[in-house]
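Report on the following structure.
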Amino acid sequence: MKILSCNSNLPLADSISKELNLKLVDAEVKRFSDMEVFVEVKENVRGEDMFVIQSTSYPANDNLMELLVTLDALRRASAKRITAVIPYFGYARQDRKSGPRTPISAKLVANLITSAGADRVLTMDLHAGQIQGFFDIPTDNLFTAPVFAKDIKDRYSDVPTIVVSPDVGGVLRARAIARRINAGLAIIDKRREKPGASEVMNIIGDVSKHHCILVDDIVDSGGTLCNAAQALVSAGAISVDAYVTHGVLSGSAVSRVLNSPLQNLVTTDSIQATEPIKLASNIRQISIATILGEAIRRVHTESSVSSLFD
Ligand code: R5P
């Protein structure tokens with residue numbers, strides 16, 4: 001087996017390489033002067049079980065193209081099997097027709113990845129589990145729940161804690177954490193009139209005198225989380241922390257989080273942290289390298305991946 005990384009998240013790829021005790025394949029993933037992507041794999045990969053690590057995070061289109069061109073290079077180099085390891089699968093939120101004459105971009109991206117040469121996909125906390133069905137190749141969707149639950153337990157034991165889903169769509173995800181830390185569950189009724197702007201309508205459940213743990217898959221503009229945190233404090237919460245797998249944190253999201261009632265926002269390194277994120281006093285990253293490394297090992301040895309989460 002061999003692992004190769006494109007450019008979106010080299011620190012995570014290095015950590016996975018250490019976990020597996022396996023050097024990254026020598027490859028050049030670079031640009032022509034007109035910004036076309038060019039890839040050259042500099043060692044033999046014929047007959048290898050290949051894993052390509054690339055999050056399709058900002059700049060999403062460039063990073064997606066790097067992944068596609070790399071998959072094509074490996075297929076033409078006669079790799080035996082190619083797994084696209086996509087810690088953050090961009091375009092996932094466009095998973096249905098949100099209105100007349102709109103695309104289902106998540107399906108289009110799944111088709112592109114498959115056509116480019118991927119035999120399997122390994123990803124993390126997909127925005128919606130059913131996106132697995134957009135791929136006609138095996139797709140393993142890993143969960144951050146065990147990693148997050150351990151961190152929460154280390155910080156909050158023997159105090160009244162409640163897990164909060166910031167919208168109805170995230171209830172399953174939040175419930176999985178609540179079950180692991182043996183806490184109750186509250187749900188926020190969120191309304192989104194247009195992308196990037198959300199409003200809290202109601203809180204379902206009693207959060208007063210509790211430490212609230214918001215759980216979500218993506219923090220992008222930060223609007224969902226910061227509005228939810230404000231509403232929870234107004235409803236009598238003692239404190240509000242948030243655990244969110246993918247820290248997209250675009251635009252002015254970091255300053256929004258800094259100026260919000262959020263005590264801590266914990267994300268993972270599925271997306272590489274920018275300097276402002278690293279400097280933000282209430283944002284922290286937990287690494288998913290161990291879980292990804294172990295899942296890669298299990299895919300290679302054809303052993304159970306789901307039992308990682310028992
Ligand atoms: C929505 O369904 C997602 O789970 C997130 O809640 C959403 O993408 C967060 O976006 P923002 O940070 O821009 O409110």
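All ligand and atom numbering here is 1-based and tracks the order in the structure. Quick caveat: nothing in here was measured; it's all calculated off a predicted structure.
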inquiry  = Would you say the rings of F89 and F135 are close, in the sense that their centroids are separated by under 6.0 Å?
reply    = yes
ask   = With a 4.0 Å cut-off on heavy atoms, does G222 reach ligand 1?
value =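 True for this residue.
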What atoms in ligand 1 come closer than 4.0 Å to a heavy atom of [X]?
| X | answer |
| --- | --- |
| R93 | 8 (O) |
| H127 | 1 (C), 2 (O), 3 (C), 4 (O) |
| D167 | 1 (C), 2 (O), 6 (O) |

query = Do R93 and D220 sit within salt-bridge range, that is, some charged N less than 4.0 Å from a carboxylate O?
reply =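 So R93 pairs with D220 through a salt bridge.
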key: Nearest-0.5 Å distance that lies between atom CD1 in I16 and atom CZ in R297   =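 Answer rounded to 0.5 Å: 11.5 Å.
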ask   = Within a reach of under 6.0 Å around CZ of R155, are more than 12 heavy atoms found that belong to other residues, nucleotides or ligands?
value =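 It does: R155 CZ has more than 12 such atoms within range.
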request  = May I ask you to check whether over 12 heavy atoms, not counting those of D158, lie within 6.0 Å of atom CG?
outcome  =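 Incorrect, the count does not exceed 12.
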key: Option whose closest heavy atom lies nearest to atom 5 (C) of ligand 1, chosen from D216, T224, I188   = D216
key: From the candidates G247, A92, S221, G169, the one that places a heavy atom nearest atom 13 (O) of ligand 1   =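 Looking at heavy atoms only, S221 sits closest to atom 13 (O) of ligand 1.
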message = With no hydrogens and no angle check, just 3.5 Å: does a side-chain donor-acceptor pair link Y156 and D241?
response =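 Yes.
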At under 4.0 Å between heavy atoms, is it the side chain or the backbone of [X] that contacts ligand 1, or both, or neither?
| X | value |
| --- | --- |
| R256 | neither |
| L225 | neither |
| D220 | both |

ask   = Parallel, tilted or perpendicular: which describes the rings of F38 and F32, with under 30° parallel and over 60° perpendicular?
value = tilted
